[in-house]
Structure formats: structure tokens, C-alpha cells
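A short write-up of the structure that comes next.
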Amino acid sequence: MVLAATCIAVLSVMALALARALQADTVYDRILGINMFGTKTAVLIALMGFLSERPDFLDIAIVYALINFIGMIAVLRFFEYTATSGR
Amino acid sequence: MILETISNILLIVGAFFALTGAYGLFKFPDFFTRVHAASVTDSIATILLFLGLILRTDFDLVAVKLVFVLVFVLLTSPTASHALAKSARHGGVATLAESNNKDNTDG
Amino acid sequence: MAELINLLLLGMLAVTALGVVFLKDLFAVVMLFGIYSFLSALIFVNLDAVDVAFTEAAVGAGISTVLMLGTLSLTGRQEKMSGHKTLLPLLVVVTTGAALIYGTLDMPPFGNPENPVHQHVALRYIQDSPQEIGLPNMVTSVLASYRGFDTLGETAVVFAAAIGVLSLLGLPKQDRAAIESGLESHLVLKVVAKIIIPLIILFALYVQFHGDYGPGGGFQAGVIAAAAIILYALVFGLPLATQVVQPGLLKALAALGVLLYAGTGVASFFLGGNFLDYNVLAADPVAGQHLGIILIELGVGITVFAAMLSIFYAFASKAERKNIQ
Amino acid sequence: MSVIVDYYNYWVVVFLMMAGFYTVIAANNLVKKIVGLNIFQTSVFILYISMGKVSGGSAPIVAEGITTYSNPLPHVLILTAIVVGVATTAVGLALVVRIKRAYGTVEENEFKDKDDLI
Amino acid sequence: MFEQHFLILPIVLPLMAAPLCILLGQRQLAWLLATLVSALSCVISVNLLYAALDQGVLSYAVGGWAAPWGIEVRMDAASAMVLSLVTAISTLVLIYAKASIEKEIDSSRHTLFYTAHLLCLTGLSGILSTGDAFNLFVFLEISSLATYTLVSLASDRRSLTAAFRYLVMGTIGATFILIGVGMLYMQTGTLNMLDLADRIAQSGPSRTLNTGLAFILVGVSVKLALFPLHMWLPPAYTHSPSAVSAFLASTATKVAVYVMVRFIFTIYGVEYVFHNMGMDLILLLLAIVAIFKCSFMAMAQSNVKTVLAYSSVAQIGYMILGISLASAAGLMAGLLHVFNHALMKGALFMAVGAVLYRTGSVDIKAFRGLGKKMPLTMAAFVIGGMSIVGVPLTAGFVSKWYLVTAALEQQHWLIAFLILLGSLLAVIYIFRVIEAAYLKKPDESAASKDIKEAPMLMLIPMWVLALGNIYFGLDTTLSVAAAESAAQWLTQSSMSVGGGQ
């Protein structure tokens, strides 16, 4: 029960982060929203594993956290390129 | 039984922190305070939620994996936020105080 | 509960897709695509497809997004407004969508265990594969053994993509030493990257060899290992990364992986079986299956690692060169 | 009512597919076309995975105490399809990079003046 | 000892040779390896063709797993015929390519060219051999990815946009096929083609199956450039390297036609596709529009490669027309035209490639006076052109003849007339080129004086195909027997299954 409620809470956090990413003043706000979204997905995977009573698939959560991090770094890296050369 | 209760409390508190973070994403006035809201709550919520989940395991491989994910997130998430804030700073995003000053001098 | 989560995730997917359609800032579009990929992977987890979720997260949200970002850094980040024709595409799309909806009306209901999909071929995979192949992960059994030919094709596709990208963009030259040094000023990032890159490679090895028991396998492991080097290249700069893992070596590795896979199949010829029949690889069929699967997963892993990384190198080298000018 | 419960998943998936499809054919920017192509394909993946789901089933990895497993075959097919998708994406983006270098633009409507094609 | 593995070798040999090319890294060696492997596959395929004509159908269980559970490689007369054709053309194109690509592709990319060619061959052989609907999709994508690479290898920048357009349309097509196969799987629970046919016959029509068929047909139509989904083809054939144009024009679309035949006749059955869904009328209309629209388009072009490309789309119309007649005779004529058209378009594109090699241009102006300067090349072009028109004693005549007969068999006088009219249009666009070559004076600039005959390595494969056009115009036993037996096999199995017996 608590697990399910936590799932819903995390999902709503994700929805809010998505809303932030969709309409943001600056590109950095978007990235911020997306980063929050990414970390919460990793949490949600773990929660869903417990909810479906098969928590041994946490490897996926690791991948999510990892890919989220790499995606963030890539965004920052390539955004620096366009920021300097695009203008 | 006790473990489960503690776990439930941890999960609820964690969810609460996660929600406040998301709320802060909209309510704070400038970018750097929003980063603050997002990243600090992110860390505490992740810690609490994962601790809550660890208490629900039989302390086997699953718990080890959970700890691994937790450590991983705790390493990467603040780093990403830090890098983001730093990039924003270099990219010329002004803090609230700065933009206020600017408004004053302009006016 | 699973249905509720499913519904919420589908809703978020729809919103994200609309965002992609309407936003003009391509940076946002690509980041939203990353989210789209994450969300669909969550749906896959929710619908019990853990292996697929694993791959989609690593590939869609990881590799594809990174490549798209690299492309954007070269092509600019604004889609120009256009008085483009929108009526005809809309018409085509509405027609296609209507045809699909028409098609859904006779579909077997969602999730019903009586559906034909669950009754015919799949039954054997579920009931017999743990004995015939000896692996708990049925997806790996089907992927590597029953439908190993598909997976050979998949490896060839990855190889073909690497060939295509190399012929289009070329590999970075190694002698351009250390002009560009990545996110130079981010000290914290460098320290953290140094800590986690070995962890990622360790994790990739775990995924490679644990794929028979849990979600994972050669493909996912290859992508994760490539991701580790990609992270290194992003943080410390491409020149350093190409010194660690050399582009020429990658080209050879990609070829070797395909050869290892196909070679395992040909080895079955000589041992008296059909192509890719692992039963004959060892005295005991189950042991043979296990050996065969380990070998071909290794082939897949090597090819995918090398192909993904050289594709990234090719894109990144173009981005770096542009940045210098 | 039961129609909705049975099919809502497919309908949303059709909507997603069409959003991607629309992006492919209507977008002016070549990178956006590729993004649309990816969304289109990813949505087809969801269609496949949806048909593999068994209500009350579990992930197709043998574990004690579990009797109903979801169908592993669509998972295998989609694993292959994902790989095919990323391969196409990589080649497509490489083409975009080269097009940008050769023509100086990646906007579809800007080609017609310079050349008879795209 | 490999006899029983012959079925899989045309796929596995090029697949293993492709990475070996990369490892060799030396373009002469890569060329040698690619040509040898391709020739070996060709020998094996012809062997298989005779075996299939003998025994009807050959089957091979990959991985030792029996059919609906594992993937089956399956060969009947239709697939063996197209497979022999594809491997033979691939061998000839590779011989031709050695000289041809010198001038058209940067020398550092030659190894990559051979690798991509081998991968493309792998994909095409896989499509032709597999008995599994999803496996077909995988091989389709291998060949497509390799094709995009091959097209973009040309140094002309327009090859990039052509390849991109091809990639977008091709991927949409492939995704449509994926959707269609998904719907088939959803209704039947199997992916094996024969098993699918059985279960579709048992379950009877349903809206999901109808939609699945529609999506598959649209997807395959993109791949085979059926009007109006042909927009990718003219730029792709025009701007790719000549060797690639010759290979693609004579194989890739043919394989797509084969896929369409497979889905219509083997999986769904004539009954379902033509009688229940009325697809024959739609296909017939599209085919006729394609023949006329694209013949007119071909007349208006000044680039000879574009002329040939539009002519290809028109000729594909004839193949689809044969299929849409929904009879054994029509299907046989369509398959025969697949075979013959490959011979003619191969010869024509090779001749044009040779002109490009010597003059550096494929504009119709560059052809002026070439009849004297490159007599052998232009003679091959004339033979190929005659065959396209359908002049008696050429292969083109044979397939047109069977097409007309098949149409008349069903009392379709109008269609027979339209087929003949279409041939007249072909006369016009082919004659424009021949006129320039033989009747116009060459321009007397210094550069054009040095033009001489194409090198041997280009002439030999070109003439093999040109002579093939004449040989199969005179001695029709092999080609007709193969097409006939293929058509009979396909329609029989589909009739019996379609009738639900």
C-alpha cells in the first residue's frame, strides 16, 4: 500500500519535472527538469521491482542512473559547442 | 514488522521530499535556487527511498544492488547538478540578486 | 496497480510526443526524445519486458541521444519556421492512424492469457527452454538459440551501421594531440568520472556474463562498456580517449565480433550439426548450448562495443574539429 | 466499457506512432525527421511489448514460486528491432552531418533552390 | 560434406567475408575476396535452383530447431531463381566495380565499398532464403543499411541527399512492414511463413489481418518503388556510383518484388488478397499509372541515369501488373520479367557507367558520337535498350509476350493494349540516347578526342549481361521453366491453403 502510494508520488514528481522540461524559460531549466526526471526513473524502477515482487531486476535501475548521468554530461558538453559556435 | 514500519515511514518521508523538490522547481525565483531545490531534495529523497527499500529485502544480493544504485546516484546526481550550475554560470545566467541589481541600475 | 502506472506512463508519453512535434528548439526536442525513451523503457518494465527495457534505456536514451546531440552541435539548434505544407502530411497520418485503429478492433484483448500469441509458439519457449537450453532467462534462450539467426542478423546490422558511419564521417586521426580537452574546467566532474568509469566497466562485464540468469547480455554489455569510454571522451576530451582505445583497433574488433559469432555457427557444421546448432559443441547438449551462447554473446558484445564506440568517435571528431575552427 | 479496457493501450500506442510519423513527414529539419523516425519506431516497439503481456504474469526469467510468465518472443523481436533502429539512426545522423557540410543547411525547404533534390 | 548446408551458405559466406574485408584492409585483396565469395555463392545458388526445380522445396532448420520454434531457411523455385540472379549479378558487378569505382569513389573507401556490397548481398540472400517473417525484416534492414552506405559513397554531394531520402522512406517502409508482421503475429501466434499461411486460412479474414496486409503491402511498395512511393528511386539511382546503380537496379527492387509475391501468394493466399480484399484492382491501377507516368518522366530527363531510373519504375509496373492478374500465367510473366529486367538494366547501367568512366558525364550530350568512339559499350547499350523496348529475339520480348498472353487469357484486351503502348513509350526514351550516340556529331573539343573504349574489366561483365539478354531471348528453356515452376508452386500452395483445405 505504502509502496503503491510512493510509486504514485514518484510518478507525479516525474510529471512535474516533465512539465518543467516542456515549458521552461532557459535551456538550463529544461536540463534541470530532465535530470530530475532521470533520477526519479531510477527510483521508480526500484519501486516497481518491489511492487511486482521481483526486485532482482535492479540492474536496470543502475543503467538508468548511468545513462542519465552520461546524457547530462553530453548535453552540457555539446551545448557548450553550440553556445560558442552557434552565435 | 518493525522493519516494515520503519520502511514505510522512510518511504513516505522520501516521497514527501521528492514532491517538495518538484514543487520548488516551479516556485523558486531564479535558476540557481531552483538547482538548489532540485538537487538537495533529490539526494535526500533518494537516500530515504532506497533505505526504505533495503529494509524490505532479506539483505541479500538485492540489498547489495540497492546500495550500489544508491552510491551511484549519490555520486552522479550532485555532480551533474554542480556541472549544470557551473555551465549556467559560464553561460551567463544571472542570479536573482544580480538581475535585481541590473534592474535597479537600469531604472 | 500495474494498469494505473501503465496509464500514467502512457499519458506522459503522449505529452512528450506532442512536445517533440511542436517544439522548435531542437535541443529540447532531442532531450524530450531521451525522456520518451526512458518512459517507454519504464513501460517495458511494467509490461515485464526487462531485457527490452534494459536495451531501450541504454540505446535509445543513451547512444541515440548522445549521437543526436553531437549532430546538433554541428547543425545548429533551431528548426527554422516554415510555411511548410502541413495539410498533406496530416491527411496521410490521419488515414494511417484510422487504418490502425480499424485494425485494433479485431485484436485480441490486451493482457488476456488466451490470446493466440501466448498459445502457440511461445508455449514451448516458456515450458521447455529452461530444460532444453538450461538457462533461467528465456529471453536469452530464445534470442541466442531458437532465434540465433535473427541475432546474427542484428550483429550484422550493427556492423553495417559502423561501416556506413565510417565511410561517411571517417575515424578521428590520432595525431591531433590534445588540442581539445573536454570539460576542462569541471574539476568535480573529472574526479567523479575517474571513480565511476571503472565501476561502469565492471558493471558491463557483469551484464555480459550474468545475462543468462538475469536481464542483460552481450548487446547491453557492449553498449554499457561503450558508454563508459564515451563518458571518458566527454569529460577528458576525444584525443585522450582515442589514446586509450584506438580507433583502428575498434574497427578490427567490430569485424572480429561478427566473425566470432558466425564462426561459432560454422563450427557446428564441422561437428555435424546445422548452422548455429550449439548442441553439438559439447558432449552434453545443455553444456553445448551454454558454451555456444557464451561464445555468441561475446561476439555480440565485442561488435556492439566496437561499433558503438567508433560511431561515437566519428561524430565527436567532427564536433571537436568544428569547435576548434 | 470492456472495449476501452481491452484496447486503450493499443489506441494510445497508435496515437504515439502517428505523432512520430507526422514528425517524420512534416518536419522541415532533417535532425527532427530522424527524431520523429525514432519515436515512430519506439512506439511500434511498445505495440509489440503490449501484445506479449499476460495479465498477472511476470518477467520471463525463471524464479521460484512463479507460474505465469509473459511471452518472451516479442521481447526477443524487439531487442533486435531496437538495434536495427539505432543502426539506422546512426547512419541517418551521419548523413545529416555530411549534408550540412556539403550544402550548409539541414532545412528541407532550403535545398530546392540549390539543387533539384531532396 | 557441405551439401546439406548449401541453403545457408549464400547468406553465411558473404556475411563472413564482409568483416574479413575490413581485417584485410587492402583494397585489391578485398576485391578479390568479395568477387570470389560472390562467385562461389552464385555457383551454390544455381546448384540450389536445379535442386529446387527437381525436388520442389528445400528446407533447413537453423540452429537445429524445428520450424515454428526456430528459424527455417526455405528455398523453392521462386526464391532459388531470384537468388541465382542476385548472386550472379553481384559477381558481375564486383568485377565491373574494380575499374568503375576508381573514378567515382575515393580510394580510401574502396574496402568499405566492398564490405558494404557484401553486407548488401548478405541481406538480399537472407531475404530470399528465409522462411520466417520477422527474420525477413532483419535481413531487409541489413541490405537497406548497406544500400544507404553504398549510395552515399559517390563523390557527388547530391548522393548524400539521395541517400537520406532513401533512408527516411526506406525506414518508414520497414517500420510499416514491422507493424504488419506484428499484427500477423498477434492474430496467429507464429512467425513462420508456412505456419502463418495455415493459421490465416484457418482463422479466416479479420480486421487486424486486413490492416496487417495493407501495412505490409505499403511497406514493401516503398522498397520496390511502386508508384507513387517511388520518389526515392530516381535520385538514388542517379547519384550513386555506377556499379551501385547497376547492382541496385537489377537486384534490390527485384528482391522487394519477391517479398511482395511471398506475402501475397504464400502467406495470405490469392483468395484472401485478391478476392476478399480486392487488392488486384488497386495494384493493377498503380502499375498502369506507373508504366505511363514514369515513361513520360523518363522522356523528359537529360541525365541518362535518371532516364534509366524512371524506366526502372515503369518496368516495375509491368512486374506488379503481372502479379495483379492473380493467375499462374500472370505471376509467371511477372517473375520472368523480374529476371529479364535485371539482365537489361544491369547491362544498361554498366554501359552508362563506362561512359561516365571515359567522358566524366552521363548527360545525354556526352553520348554524342560515342557510337564510333566506344563501339562495344554502345552496342551493349543498344542491346539492353532493345530488350527494354521488347524487340523480338531479346529477353524483354519474351516477358512482354508472356505478359500479353496472360492478360489475353483473362480477356483483358485493354491491358494487353496498354502493355504494348507502354513499350512504344520505351522506344522513345531509349531512342533519344541511341540517336545521340550514332547520329549526332561529337563535339570536337580536345578532351573528347581522347575518349576510347572502356577497359576490359568493365566490358566483360557488361557484355555477359548483354549476351544474356540475347541468349534468354532465344533459348527460354531455363528462365521460363524456372518462372513457370515457381509460379505454379506459389499459386498451387496458395490456392489450396486459401481454399482452406
Side-chain angles (χ1 to χ4, degrees), chain C residues 10 13-14 17 20-21 26 29 33 36 40 43-44 47-52 55-56 59-60 63-64 67 71-72 74-75 79-80 82 84 86 89 93 97 100-101 104 107 109-111 113 117-118 122 125-126 130 136-139 142-143 147 150 154 157-158 161 164-165 168-169 311 318, chain D residues 6-7 9-12 14-23 25-26 28-29 31-32 34-35 38-39 42 45-46 49-55 57-62 69-73 75-76 78-80 82-84 86-87 89-91 93-98 100 106-107 109:
Chain C
L10 282 172
L13 268 176
V20 170
V21 173
L26 292 172
V29 167
F33 169 70
Y36 191 87
S40 49
I43 289 198
F44 295 155
L47 297 181
D48 304 333
V50 280
D51 276 278
V52 182
T55 316
E56 176 64 33
V59 170
I63 302 287
S64 293
L67 293 183
T71 312
L72 279 189
L74 292 159
T75 60
E79 183 187 30
K80 297 199 181 118
S82 61
H84 215 59
T86 51
V93 167
L100 276 170
I101 298 282
T104 57
M107 277 182 185
F110 172 65
V117 176
H118 310 304
Y125 298 147
I126 294 171
N137 187 350
M138 300 169 205
V139 175
V142 180
L143 183 88
R147 294 188 72 87
D150 264 355
E154 165 191 325
V157 167
V158 175
V165 173
L168 283 164
L169 300 181
I311 288 171
K318 294 290 171 255
Chain D
D6 285 347
Y7 296 127
N9 199 316
Y10 299 130
W11 291 339
V12 179
V14 168
F15 172 77
L16 297 175
M17 276 190 220
M18 290 308 113
F21 189 36
Y22 178 79
T23 314
I25 50 182
N28 197 28
N29 185 293
V31 181
K32 198 164 172 183
I34 297 281
V35 175
N38 268 289
I39 290 198
T42 309
F45 303 161
I46 303 177
I49 299 300
S50 305
M51 66 174 104
K53 170 74 180 174
V54 177
S55 300
S58 183
I61 297 176
V62 176
Y69 295 101
S70 280
N71 187 344
L73 185 51
H75 303 179
V76 174
I78 289 316
L79 275 177
T80 309
I82 290 178
V83 178
V84 171
V86 72
T89 307
V91 175
L93 290 174
L95 277 169
V96 173
V97 170
R98 282 286 302 279
K100 171 74 177 179
V106 289
E107 302 289 321
N109 60 348

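Note on naming: letters A, B, ... go to the chains in the order of the sequence lines (proteins, then strands), and numbering restarts at 1 for each one.
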Please determine, among [options], the option with the most heavy-atom pairs under 4.5 Å with chain C.
| options | value |
| --- | --- |
| Leu79(D), Val62(D), Ile61(D), Val12(D) | Ile61(D) |
| Ser58(D), Ala19(D), Gly52(D) | Ser58(D) |
| Leu95(D), Thr80(D), Val91(D), Val83(D) | Val83(D) |
| Val96(D), Ile78(D), Thr89(D), Thr42(D) | Thr42(D) |
| Ser70(D), Ala87(D), Pro60(D) | Pro60(D) |
| Thr23(D), Val106(D), Val35(D) | Val35(D) |

Quick check on [X] against chain D: is it the side chain, the backbone, both or neither that has a heavy atom closer than 4.5 Å?
| X | result |
| --- | --- |
| Leu143(C) | both |
| Ile43(C) | side chain |
| Leu67(C) | both |
| Pro130(C) | side chain |
| Leu168(C) | both |

I need the minimum non-hydrogen distance between [X] and [Y], along with the two atoms involved.
| X | Y | value |
| --- | --- | --- |
| Met51(D) | His118(C) | O-CE1, 3.3 Å |
| Phe33(C) | Ile39(D) | CD1-CG1, 3.9 Å |
| Ile126(C) | Pro72(D) | CG1-CD, 3.7 Å |
| Ala59(D) | Val50(C) | CB-CG2, 4.0 Å |

Considering only heavy atoms from C-beta outward, does the side chain of [X] approach that of [Y] to under 4.5 Å?
| X | Y | value |
| --- | --- | --- |
| Thr71(C) | Lys100(D) | no |
| Leu26(C) | Lys32(D) | yes |
| Val76(D) | Tyr125(C) | no |
| Phe110(C) | Tyr7(D) | no |
| Leu100(C) | Trp11(D) | no |

How many angstroms lie between [atom1] in [X] and [atom2] in [Y], if you round to the nearest 0.5 Å?
| X | Y | atom1 | atom2 | result |
| --- | --- | --- | --- | --- |
| Leu47(C) | Ile46(D) | CG | CD1 | 8.5 Å |
| Asn9(D) | Thr104(C) | CG | OG1 | 11.0 Å |
| Leu10(C) | Phe15(D) | CG | CZ | 11.5 Å |
| Leu74(C) | Arg98(D) | CG | CZ | 13.0 Å |
| Thr55(C) | Ile82(D) | OG1 | CD1 | 5.0 Å |

task = With side-chain contact (heavy atoms from CB on, under 4.5 Å) as the test, would you mind laying out the steps for Leu169(C) and Val97(D) before giving the verdict?
result = CA-CA 8 Å; Leu169(C) 300 181; Val97(D) 170; 3.8 Å; yes
key: For chain D, the option from Gly111(C), Ala122(C), Gly164(C) that forms the most heavy-atom pairs under 4.5 Å   =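 Answer, by heavy-atom pair count under 4.5 Å with chain D: Gly111(C).
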Taking the side chain from [X] and the backbone from [Y], do they hold a donor-acceptor pair closer than 3.5 Å?
| X | Y | value |
| --- | --- | --- |
| Asp48(C) | Tyr69(D) | no |
| Lys53(D) | Ala49(C) | no |
| Ser64(C) | Val86(D) | no |

key: Test log, rule side-chain contact (heavy atoms from CB on, under 4.5 Å), inputs Phe45(D) and Val52(C)   = CA-CA 9 Å; Phe45(D) 303 161; Val52(C) 182; 5.9 Å; no
